[in-house]
Amino acid sequence: MEKSSMNNDQLEKLLKTVSGKLGVPPSELRQALESGKLDGAVKNMGETEKKKLQSIMGNKAKMEKLMESPQAKALYEKLTGKNPQ
């Protein structure tokens with residue numbers, strides 16, 4: 001089975017894209033993801049986006065599906081240095 005991983009350029013592009021959507025600097029988003037504290041990162045989100053995020057985070061099946069994506073696994077591994085189980 002081929003291991004899916006994200007290189008630094010891809011990670012930076014992803015962080016830049018997501019941070020632009022959230023209205024926070026990429027470095028702040030990275031720090032929030034690494035620390036597991038996303039409150040600060042989502043403070044500038046619009047109400048519609050916050051509701052979508054809450055809907056996903058409040059639904060175990062949606063979260064599991066999201067976390068099983070190759071992109072989420074690669075991002076987790078890049079940020080934590082650990083391979084997700």
Side-chain angles (χ1 to χ4, degrees):
M1 185 197 282
E2 184 178 316
K3 183 179 175 183
S4 175
S5 63
M6 184 178 287
N7 68 35
N8 284 334
D9 288 339
Q10 291 171 317
L11 177 61
E12 291 304 318
K13 286 178 185 176
L14 179 60
L15 284 171
K16 186 175 181 180
T17 300
V18 173
S19 69
K21 298 277 185 187
L22 296 177
V24 297
S27 58
E28 187 177 322
L29 178 59
R30 179 188 284 271
Q31 184 178 15
L33 290 168
E34 288 174 345
S35 69
K37 298 177 183 174
L38 294 175
D39 293 345
V42 298
K43 68 180 180 232
N44 295 328
M45 285 177 85
E47 285 303 312
T48 303
E49 289 82 11
K50 283 182 185 177
K51 287 179 182 177
K52 286 179 187 177
L53 181 61
Q54 288 170 342
S55 171
I56 292 170
M57 294 186 76
N59 183 312
K60 184 178 178 182
K62 286 181 181 179
M63 279 301 296
E64 287 175 353
K65 183 177 179 182
L66 175 67
M67 294 308 296
E68 287 299 315
S69 73
Q71 296 88 351
K73 288 180 180 181
L75 181 59
Y76 177 85
E77 184 176 345
K78 198 70 155 173
L79 291 171
T80 65
K82 300 176 186 173
N83 190 2
Q85 265 55 39

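Only a predicted model underlies this, so the values are computations on that prediction, with no experimental measurement involved.
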Any side-chain heavy-atom pair of Met67 and Lys73 under 4.5 Å: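 No - every pair of side-chain heavy atoms lies 4.5 Å or more apart.
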Any residue meeting side-chain hydrogen bond (donor to acceptor under 3.5 Å, both in side chains) with Ser55, in chain and number order, not counting sequence neighbours: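 By the side-chain hydrogen bond (donor to acceptor under 3.5 Å, both in side chains) rule, Ser55 matches Lys62.
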Residues that Thr17 engages under side chain to side chain contact (heavy atoms under 4.5 Å, CB included), provided they are two or more places apart: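 Scan of Thr17 (side chain to side chain contact (heavy atoms under 4.5 Å, CB included), adjacent residues dropped) gives none.
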Check ion pair Lys52-Glu47 (N to O, under 4.0 angstrom):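 No, this pair does not count.
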Exercise: identify the closest heavy-atom pair between Ser19 and Val24: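 Heavy atoms of Ser19 and Val24 come nearest at CB-O, 2.9 Å.
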Approximate separation, where rounding is to 0.5 Å, of Leu14 CG and Lys16 NZ: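 Here the interatomic distance stands at 12.5 Å.
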CD on Glu12 to OG on Ser27, rounded to 0.5 Å: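 One finds 9.5 Å between OG of Ser27 and CD of Glu12.
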Over 12 non-hydrogen atoms of neighbours within 6.0 angstrom of CD in Gln31: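 At most 12 heavy atoms, drawn from other residues, nucleotides or ligands, come within 6.0 Å of this atom.
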All salt bridge (charged side-chain N to carboxylate O under 4.0 Å, His left out) counterparts of Glu28, not counting sequence neighbours: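 Listed in chain order: Lys43.
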